[in-house]
Structures are given as structure tokens and as C-alpha cells.
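What follows is a short report on a single structure.
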Amino acid sequence: MLGFKNIEKVKPAGMELTDRLVGVQRVTKVTKGGRAFGFSAIVVVGDGNGVVGYGLGKSKEVASAIAKAVEDAKKNLVRIPLTGNTVPHENEARYGGAQVFLRPASVGTGVIAGGTVRAVLESVGVRDVLSKSKGSSNPHNVVKATFKALLEMRSVGEVARQRGISVTKVFNGK
């Protein structure tokens with residue numbers, strides 16, 4: 001998923017996953033016999049507790065495209081580090097022409113995000129965050145940029161381990 005090497009993949013066994021339809025596009029294939037219409041769907045699934053995945057599905061009917069996308073999303077679940085109900089730190093990521101900026105927010109702020117980014121963040125379980133989506137509004141690229149930003153997040157414990165210091169020294173800087 002997006003070329004990250006140290007991603008913790010998660011198995012969906014026994015998890016209560018909710019799925020959110022992000023977008024459905026009608027696609028056309030032009031043949032010598034005329035136009036053949038199909039549908040492409042992108043879906044985000046998550047447990048609301050740091051586990052999330054996205055999937056793409058294509059079919060001649062909308063319902064089967066969505067079902068294929070949900071199955072694909074369940075195969076690509078990853079764990080995102082959260083700090084309470086928000087993201088651990090600011091981050092910005094880009095995928096194609098889409099650019100997404102995420103910033104932690106204080107309790108009670110809510111999810112300040114556009115439709116596509118909101119679907120991903122609420123599926124992860126983030127309840128307080130500030131975000132900005134710039135550039136392309138293509139739902140496929142916005143979902144992938146949001147995932148890229150979330151996958152680059154590091155928890156405080158992870159930063160402390162990488163630096164070889166205690167968690168309190170991460171904040172104090174001494």
C-alpha cells in the first residue's frame with residue numbers, strides 16, 4: 001500500500017468494521033460496437049480505533065463494484081498511531097495532484113475536513129483534527145494522499161525508541 005516498507009498490516013478477524021462509500025464514478029469503454037459503461041467505486045473501512053483500509057472495485061453494476069471495493073479494503077487494513085482522539089503531530093502528504101495537510105486539534109474541535117478526507121479520518125477514529133485539502137479533488141488521489149499522511153505519523157513511543165531516550169525527554173528536549 002503506497003510503497004511503505006514498515007507498515008503494520010492488520011487481519012480483520014473478529015473486528016467490527018464499518019465501511020464508507022467515498023465515491024462512485026461511471027467509466028466508459030468505447031468499442032466498435034458502441035460504448036460499454038461500467039462503474040468504479042472507492043470505499044474506506046475502519047474500526048474507529050486506529051485500524052483503516054481503502055479499496056477500489058470495478059464492475060458493470062454499482063452494487064457489485066461497491067462490494068468488490070469493500071473486500072479489497074478489508075485486505076489492506078493498516079494500524080495508524082493516534083494520540084487520544086487526534087493525530088500525533090502535523091503532517092502533509094501529496095499523491096498525484098492531491099495534497100492533504102493534517103494538524104492535531106484540542107478536544108471538542110471535531111473533524112474539520114472535506115468529504116473525502118473526513119471519511120478516512122472518521123473511519124480511523126479521529127474525532128478532533130484540522131485539515132486542508134489542496135490541489136486535485138479526485139477522490140482516489142485524495143484518499144491515497146490522506147493515507148500517505150496517516151502512514152507517516154509516528155507515535156511518541158516510537159520517536160523515543162528511535163532516538164534512544166525516554167518519552168519524557170522527547171517533550172522536554174533535555
Side-chain angles (χ1 to χ4, degrees), residues 1-4 6-12 14-25 40-57 62 65-159 167 170-171:
M1 186 184 267
L2 295 176
F4 287 93
N6 56 353
I7 297 175
E8 180 192 344
K9 287 271 191 169
V10 180
K11 301 282 186 230
M15 268 191 227
E16 193 65 34
L17 297 172
T18 59
D19 53 272
R20 292 175 144 239
L21 179 64
V22 176
V24 177
Q25 288 83 30
S40 169
I42 184 162
V43 173
V44 176
V45 299
D47 71 345
N49 201 16
V51 175
V52 70
Y54 73 91
L56 307 173
V62 175
I66 293 170
K68 286 180 181 181
V70 169
E71 289 306 310
D72 187 37
K74 288 179 182 177
K75 292 177 188 173
N76 295 313
L77 293 174
V78 291
R79 185 169 302 284
I80 305 296
L82 297 177
T83 305
N85 290 333
T86 190
V87 292
H89 54 84
E90 280 187 13
N91 202 3
E92 192 167 350
R94 190 179 183 100
Y95 189 91
Q99 187 174 1
V100 173
F101 174 74
L102 301 175
R103 174 182 280 166
S106 59
V107 176
T109 304
V111 178
I112 310 297
T116 307
V117 178
R118 175 182 294 273
V120 175
L121 294 174
E122 287 179 351
S123 294
V124 173
V126 175
R127 289 181 190 77
D128 301 306
V129 69
L130 303 169
S131 75
K132 181 70 180 167
S133 178
K134 298 181 266 188
S136 172
S137 60
N138 177 346
H140 293 267
N141 288 342
V142 174
V143 166
K144 290 174 185 175
T146 307
F147 263 83
K148 190 173 178 185
L150 289 171
L151 290 170
E152 291 172 356
M153 296 283 177
R154 298 185 307 164
S155 66
V156 177
E158 191 178 334
V159 171
V167 174
V170 171
F171 291 111

When every non-hydrogen atom of L17 is compared with those of D47, the smallest separation belongs to CD2-N, 3.8 Å
Enumerate the salt bridge (charged side-chain N to carboxylate O under 4.0 Å, His left out) contacts for residues 80-91, please, sequence neighbours excluded, ordered by first and then second residue.
E90-R103
For R20, check side chain to side chain contact (heavy atoms under 4.5 Å, CB included) against everything at least two apart and list the hits.
A119, E122, S123
T116 OG1 to K144 NZ distance, which is reported to the nearest 0.5 Å:
13.0 Å
Please report the closest heavy-atom contact between I42 and L21, naming both atoms and the distance.
O-CD1, 3.8 Å
How would you list all residue pairs meeting side-chain hydrogen bond (donor to acceptor under 3.5 Å, both in side chains) that involve residues 128-141, not counting sequence neighbours?
Q25-H140
With sequence neighbours excluded, what pairs up with T109 under the side-chain hydrogen bond (donor to acceptor under 3.5 Å, both in side chains) test?
S106
Separation of E158 CD from M153 CE (nearest 0.5 Å)
12.0 Å
Between V120 and V52, the two heavy atoms sitting closest are O-CG2, 4.3 Å
For the student: nearest non-hydrogen atoms of T86 and A105, plus distance:
OG1-N, 3.3 Å
For E92, the side-chain hydrogen bond (donor to acceptor under 3.5 Å, both in side chains) test, sequence neighbours excluded, returns Q99
Measuring from atom CD of E152 to atom CD1 of I80, what distance do you get when rounded to the nearest 0.5 angstrom?
10.5 Å
Passes side chain to side chain contact (heavy atoms under 4.5 Å, CB included), L121 versus L102? Steps please.
CA-CA 10 Å; L121 294 174; L102 301 175; 4.0 Å; yes
Considering all heavy atoms, the nearest G57-A69 contact
N-CB, 3.6 Å
Run the side-chain hydrogen bond (donor to acceptor under 3.5 Å, both in side chains) test against D19 and tell me which residues pass, sequence neighbours left out.
none
Over all atoms of both residues, closest heavy-atom pair of V78 and F147
CG2-CE2, 4.3 Å
Distance col, row L150:CG vs N91:CG, nearest 0.5 angstrom, shows 8.5 Å
Those residues that, when tested against N85, pass side-chain hydrogen bond (donor to acceptor under 3.5 Å, both in side chains) (two or more places apart):
R127
